[in-house]
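Input: a single structure, listed below in structure tokens.
Hydrogens, waters and symmetry mates play no part in the numbers below; they use all other heavy atoms, side chains included.
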Amino acid sequence: MKVIKKMFGGLELTWPKLIICALVAGIYTAVMAIISAAEYTSFADISISFECWVLFGILIIVNSRSEIDSALKCFVFFLISQPLVYLIQVPFSDMGWGLFGYYKYWFIWTILTLPMGYIGYKMKKDKWWGVLILAPMLLLLAFHASGFLKQTIFWFPHHLLSLLICVFTMFASVLGIFENKKAKTIGLALCGVFLAAAVALALVQPLRYEPILFTNGGSAGVTVDDTYEATLEGDDIGTVAIEWMPELDDWALKGHFDHAGKARLTLTAPDGSEKQWDISVYPDYVDYEPVG
């Protein structure tokens, strides 16, 4: 508890420290976005989603000295870190400088950090209504937690760390910022309700990947129709089925995958002949390796 209290209000956040942290955050995020080994992991999530940036923003706010100090430090932190993320990626991206087209979205958020930092500082007054200021961030974190839970279930343990960061930030923010008993009770109750809804959403609407694997006349040279049979053997990743595709006006082999993993796909023709592939299923694509 002492560590949490230290994090959320007990740090000496000078301008030099803030600038160094902004540079480190920007460089780390860019590197994680560049290296292929980080793809589909929690380490690369910082380049895609908000959970870590929400944590950074809250820590800046509660360790500032005034409303103005909070607003300016939030603004400068994001003004330095976000362009740096794209700048470092430019030499490694096929888009080149066109990559900065994505920065427009983050620039809007950077501008918004001025009022957010100013208003957010009022949480330090330790009143029950301060939880209302924090509530949108708790809701955003719960929304991200739901998405990460879906991804973790689909491909365990990928994105588990990001899920834990969301949960930690929600509860630690309430416990670290507020001493007021009423504020703590309301804040923790909101965390519980938001997370319960996040878990329910993830379980009711799980992540499912349903790609078209083969079409007639495709590069694989496969013919499929309702006289063929398709089966999977290996990891319990889902099912495959030969289905009529109205948009193609033809038959196709479609996957219905609930989990990432590896399996052997067998396509059996009406005469009993077989073609097989070892497939590796990822959250957004499938690798094929013909057998034999």
Do [X] and [Y] touch side chain to side chain, with heavy atoms closer than 4.5 Å?
X	Y	result
Leu213	Tyr288	yes
Trp15	Lys73	yes
Thr223	Phe214	no
Ile19	Ile80	yes
Lys127	Lys122	no
Met95	Gln89	no
Ser173	Phe8	yes
Phe100	Leu87	yes

Gln82 vs Phe107, side-chain contact (heavy atoms from CB on, under 4.5 Å): CA-CA, chis, key distance, verdict:
CA-CA 8 Å; Gln82 292 307 313; Phe107 182 70; over 6 Å; no
Taking [atom1] in [X] as the centre, count heavy atoms belonging to other residues, nucleotides or ligands within less than 6.0 Å. Is the count above 12?
X	atom1	answer
Trp244	CH2	yes
Asp236	CG	no
Glu12	CD	no
Asp94	CG	no
Glu233	CD	no

Tell me the closest heavy-atom pair linking [X] and [Y], and the distance in Å.
X	Y	value
Ile133	Ile119	CD1-O, 3.7 Å
Leu253	Ala230	CD1-CB, 3.4 Å
Ala135	Leu190	CB-CD1, 4.1 Å
Tyr209	Tyr282	CD2-O, 3.4 Å
Val62	Lys124	O-NZ, 3.0 Å
Val174	Lys184	CG1-O, 3.8 Å

Under the salt bridge (charged side-chain N to carboxylate O under 4.0 Å, His left out) rule, collect the residues that match up with Arg264, sequence neighbours excluded.
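Only Asp278 meet the salt bridge (charged side-chain N to carboxylate O under 4.0 Å, His left out) criterion with Arg264.
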Nearest-0.5 Å distance, [atom1] of residue [X] to [atom2] of residue [Y]:
X	Y	atom1	atom2	value
Thr41	Gln151	OG1	CD	11.0 Å
Leu11	Ser64	CG	OG	10.5 Å
Trp128	Thr185	CH2	OG1	13.0 Å
Met32	Ile27	CE	CD1	12.0 Å
Cys74	Leu112	SG	CG	12.0 Å
Leu149	Cys166	CG	SG	10.5 Å

Can you label the angle between the Trp53 ring and the Phe56 ring as parallel, tilted or perpendicular, going by 30° and 60°?
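Rings of Trp53 and Phe56: perpendicular, as their planes differ by over 60°.
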Parallel, tilted or perpendicular: rings of Trp106 and Phe78 (30°, 60°)
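Ring orientation of Phe78 relative to Trp106: parallel.
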Indicate yes or no for a side-chain donor-acceptor contact from [X] to the backbone of [Y] under 3.5 Å, with no hydrogens or angles considered.
X	Y	result
Thr113	Thr110	yes
Asn63	Gly9	yes
Lys5	Gly10	no
Thr152	His158	yes
Asn216	Val224	yes
Tyr121	Arg65	yes
Asp226	Ile242	no
Thr266	Thr231	no

With clusters defined by side-chain heavy atoms of hydrophobic residues (ILVMFWY) lying less than 4.5 Å apart, directly or transitively, does [Y] cluster with [X]?
X	Y	result
Leu140	Ile111	yes
Tyr86	Ile48	no
Ile58	Val24	no
Met116	Ile108	yes
Phe143	Leu141	no

Report the C-alpha separation of Tyr228 and Trp251 in whole Å, then their side-chain angles, then the decisive distance to 0.1 Å, and conclude whether the ring pair (Phe, Tyr, Trp, His ring centres under 6.0 Å) test is met.
CA-CA 10 Å; Tyr228 285 70; Trp251 295 92; over 10 Å; no
Test log, rule side-chain contact (heavy atoms from CB on, under 4.5 Å), inputs Leu232 and Phe257:
CA-CA 11 Å; Leu232 279 180; Phe257 301 120; 3.9 Å; yes
Which is it for Ile153 and Leu207 under the side-chain contact (heavy atoms from CB on, under 4.5 Å) test, yes or no, and what are the steps along the way?
CA-CA 8 Å; Ile153 293 172; Leu207 181 61; over 6 Å; no
Is it true that Glu289 and Lys262 have a side-chain N and a carboxylate O under 4.0 angstrom from each other?
no
Quick one, Asp45 with Ile165, criterion side-chain contact (heavy atoms from CB on, under 4.5 Å). Give me CA distance, side-chain angles, the key distance, then yes/no.
CA-CA 11 Å; Asp45 285 335; Ile165 288 173; over 6 Å; no
Using the rule ring pair (Phe, Tyr, Trp, His ring centres under 6.0 Å), only one of Trp155, Phe154, Phe148 pairs with Tyr40; which is it?
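One option only clears the test, and that one is Trp155.
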Single hit among Leu55, Val54, Leu138 for side chain to side chain contact (heavy atoms under 4.5 Å, CB included) with Met170:
Leu138
